[in-house]
Amino acid sequence: MLAMDYRGPYRVRVEQKPMPTIQHPEDAIVRVTRSCICGSDLHLYHGMVPDTRIGMTFGHEFTGIVEEVGSEVKNLKAGDHVIVPFNIACGKCHFCQQGLFGNCHEANPEATAVGGIFGYSHTAGGYDGGQAEYVRVPYADVGPTKIPAGMDLDDAVLLTDVVPTGYQAAEMAGIKRGDTVVVFGAGPVGIMAARCAWLFGAGRVIVIDHVEYRLDFARQYCPAEVYNFRSVEDPVFFIKKITDSLGADVCIDAVGGDAAGSAMHTLLGTKIKLEAGAATALHWAINAVKKGGIVSIVGVYGPTGNIVPIGNVVNKGITIRANQASVKRLLPRLIDHVQAGRINPKALITHKVPLEEVADAYHIFSAKLDGCIKPVLVPSSVDRS
Amino acid sequence: MQQRIDPTTVVGWGVDADPANDPTYPMRDVSRDSKGGLDWQRPTLQPEQVEVLRSTEHNRRPAVYGTSTPPSGLSGAIRRRAFRKSEGKWSHWLMLLAADRINVIEGIGDDLMHGRVPNIPGEMGIRSEMQHNMPGLIRKVAVTGAVLAVIAALVRSSPHSSTRNRY
């Protein structure tokens, strides 16, 4: 089968690889129909995530048709077309039982701090991902959800990560009616977080980024007030100025370790790797939120450490909420939002690319070329329309 | 300053507003908290058919694991050593990052041993760069060329090279 193949920082290609096989009685083998490249895949692509091995296949946002199931799979059968959450979760452990499906304790031998994630290095369990024609899906009875009749495949594939992560960013932020919400990052997750902030009753939604075409999209899609941090000099001071000097009720970090905007964080976090990614957005979020406010983090950082103003967290009495999205928990509500027309995920998709052109798709997304917001890979055997 | 948006004009405004969402997810759910440690009914264990490195912080191997790219070569040896240290140690992660970089060289070596010269520009998406950012590509090539020229000039003018030239 064809699959994406990681060769080193900024280098990927497609390869012929062996077909995945059932390794465990709760496995399914899924034929991929759509597979996105996620902003967090770029952290892998940029060589920022430890234990990312040469030859691995990335991809944690995918839909597919079940080809084969293991002996203990009861809820799925061959032919089912499924949304596969990016978390691998057993459904039985201490954490899954509490709805913390992003924190399963039975899916990742390599780390206790990270759950199992498809195609996301050995730090997340060493699973090959869905940027391939076929993929092995463990715990197939727990995560995968049948795509509702009539749902567009392009909407469905964004329910695997982008929509739940954006929604959970807003949910974790504890937004109250009338709150001012600042979202750092106008990538797909930031745009979705800003869109979902309105669902929770925000009174004002502001998006901060430096990529003009993405800010233009966010202005229309969310909708939101948008500001380019390169044109305001000091984004924290600017946010204070437009919020009566108090700061925002809620700040959401939807950027993670690839942030621009601070020479210090860029040097330490992305160039010489002494920080676990450039924590610029988180730094700004802590400083721009009001006293007693909430900072919600869904941006991805590495496992080591970051320089952030933790003293301000203490002095301002800030609450920090963060987690990987618990996709399984959120899917019923989000499917309802999509079907009711309150969220239009597929509008984020700007590029549909054959799997064979994966190297170009990664470069276009990473370098923010051609107005790219969300690229989706489609195996050549699947209809792209 | 941009014009404020009237929230009531936004589709779906407030449909999920819930005063009870405080404190928010993720929270420990005491009603479902077993309090008994590792006492849940475990899934069937996946047979161990490839080498799996296990965090020292797991006192038993989780039931399933990925079979992608088991450790091998020099990078694999460094990874095995890294996994003797716990996740809380920076050295654990820095050794893994070092192994990743060595693994890149191993990957190129592996390609060459199989008679394949890796198409590195292609793997870096040069086709899309040419299509969408030709001025940027020309700039990168020019800067890289200039840096290489400076390095070459420095090497040529170093005392070591002139000494060697005298003999």
Side-chain angles (χ1 to χ4, degrees), chain A residues 7-8 10-13 23-26 47 50-57 72 90 92-94 97-100 105-113 125-128 138 171-172 174 177 198-204 223 225 242 273 303-304 321 323 342 359-360 362-364 367 369-370, chain B residues 1-2 4-5 7 10-17 19 21-26 28-29 32-34 40-44 46 49 52-55 57-58 61-69 79 87 90 93 96-97 99-100 103-104 106-107 118 120 122-125 127-129 132-133:
Chain A
R7 305 309 302 171
Y10 296 89
R11 289 176 52 212
V12 299
R13 66 190 185 203
Q23 305 279 328
H24 181 270
E26 292 184 64
D51 216 356
T52 304
R53 301 181 192 172
I54 301 304
M56 187 174 207
T57 297
E72 292 180 18
C90 73
K92 294 174 178 164
C93 73
H94 184 82
Q97 282 293 305
Q98 298 183 58
L100 298 164
H105 209 66
E106 291 282 12
N108 179 9
E110 278 93 350
T112 56
Y127 299 91
D128 274 324
E171 180 194 32
M172 291 191 300
R177 277 190 190 272
W198 292 117
L199 303 182
F200 286 93
R204 190 178 183 190
E225 294 170 56
I242 63 173
K273 313 274 190 291
T304 48
R321 311 293 290 165
N323 204 348
R342 290 188 285 267
D360 291 312
Y362 265 89
H363 181 67
I364 287 172
L369 301 177
D370 197 30
Chain B
M1 181 113 77
Q2 292 165 30
R4 296 274 287 266
I5 295 160
V10 178
V11 174
W13 180 66
V15 295
D16 285 346
N21 182 31
D22 187 11
T24 65
Y25 180 90
R28 179 180 171 197
D29 179 351
R32 297 184 185 184
D33 190 328
S34 63
W40 57 86
Q41 187 188 349
R42 299 198 71 195
T44 306
Q46 180 180 338
Q49 290 174 331
V52 180
L53 299 177
R54 191 173 91 191
S55 166
E57 296 179 31
H58 273 301
R61 202 203 77 202
V64 303
Y65 61 90
T67 54
S68 169
T69 54
R79 293 187 210 284
E87 295 167 52
W90 277 55
W93 301 107
L96 290 173
L97 278 172
D100 292 347
N103 200 193
V104 173
E106 291 172 332
I120 292 176
E123 291 168 357
M124 296 179 78
R127 197 178 60 159
S128 55
E129 182 78 2
H132 301 294
N133 190 27

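Within every chain, numbering begins at 1; the chains are lettered A, B, ... in the order of the sequence lines, protein sequences first and strands thereafter. Remember, it's a predicted structure, so these values are computed and weren't measured experimentally.
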**Complete:** Okay, B/A63 and chain A: the region with an atom under 4.5 Å from a heavy atom over there is both
**Request:** Would you mind checking which part of B/Q46 comes under 4.5 Å of any heavy atom in chain A, side chain (CB onward), backbone (N, CA, C, O), both or neither?
**Result:** both
Contact class of [X] relative to chain B, heavy atoms under 4.5 angstrom:
X      : answer
A/C93  : both
A/Y10  : both
A/R321 : side chain
A/E26  : side chain
A/P303 : both
A/R11  : both
A/R204 : side chain

Whether the side chain of [X] engages the backbone of [Y] through a donor-acceptor N/O pair (distance < 3.5 Å, no angle test) should be reported.
X      : Y      : answer
B/W13  : A/G203 : no
B/R127 : A/A359 : no
A/D51  : B/L96  : no

Please rank [options] by heavy-atom pairs under 4.5 Å with chain B and give me the top one.
options                     : answer
A/A111, A/A107, A/A113      : A/A111
A/E225, A/M56, A/R342       : A/E225
A/H94, A/Q23, A/E72, A/K273 : A/H94
A/A367, A/G8, A/G125        : A/G125
A/V12, A/N108, A/L199       : A/L199

**Request:** Return the set of residues passing side-chain hydrogen bond (donor to acceptor under 3.5 Å, both in side chains) with B/R54 (not counting sequence neighbours), or none when no residue passes.
**Result:** none
**Item:** Results of salt bridge (charged side-chain N to carboxylate O under 4.0 Å, His left out) for A/D128 - residues two or more places apart only
**Value:** none
**Request:** Classify the angle between the aromatic ring planes of A/H105 and B/W40 as parallel (below 30°), tilted (30 to 60°) or perpendicular (above 60°).
**Result:** perpendicular
Counting heavy-atom pairs under 4.5 Å with chain A, which one of [options] comes out on top?
options                     : value
B/T44, B/T67, B/D22         : B/T44
B/N133, B/V52, B/I120       : B/I120
B/R79, B/Q49, B/R28         : B/R79
B/H58, B/R32, B/M124, B/R61 : B/H58

Can you tell me how far the [atom1] atom of [X] sits from the [atom2] atom of [Y], to the nearest 0.5 Å?
X     : Y      : atom1 : atom2 : result
A/R53 : B/N103 : CZ    : CG    : 8.0 Å
B/E87 : B/E57  : CD    : CD    : 4.0 Å
B/N21 : A/F200 : CG    : CZ    : 6.0 Å

**Nearest heavy atoms of B/S55 and A/E110, plus distance in Å** = CB-O, 3.5 Å
**Message:** Ignoring hydrogens, what is the shortest heavy-atom contact between A/P138 and B/V64? Give both atom names and the distance.
**Reply:** CB-CG2, 4.3 Å
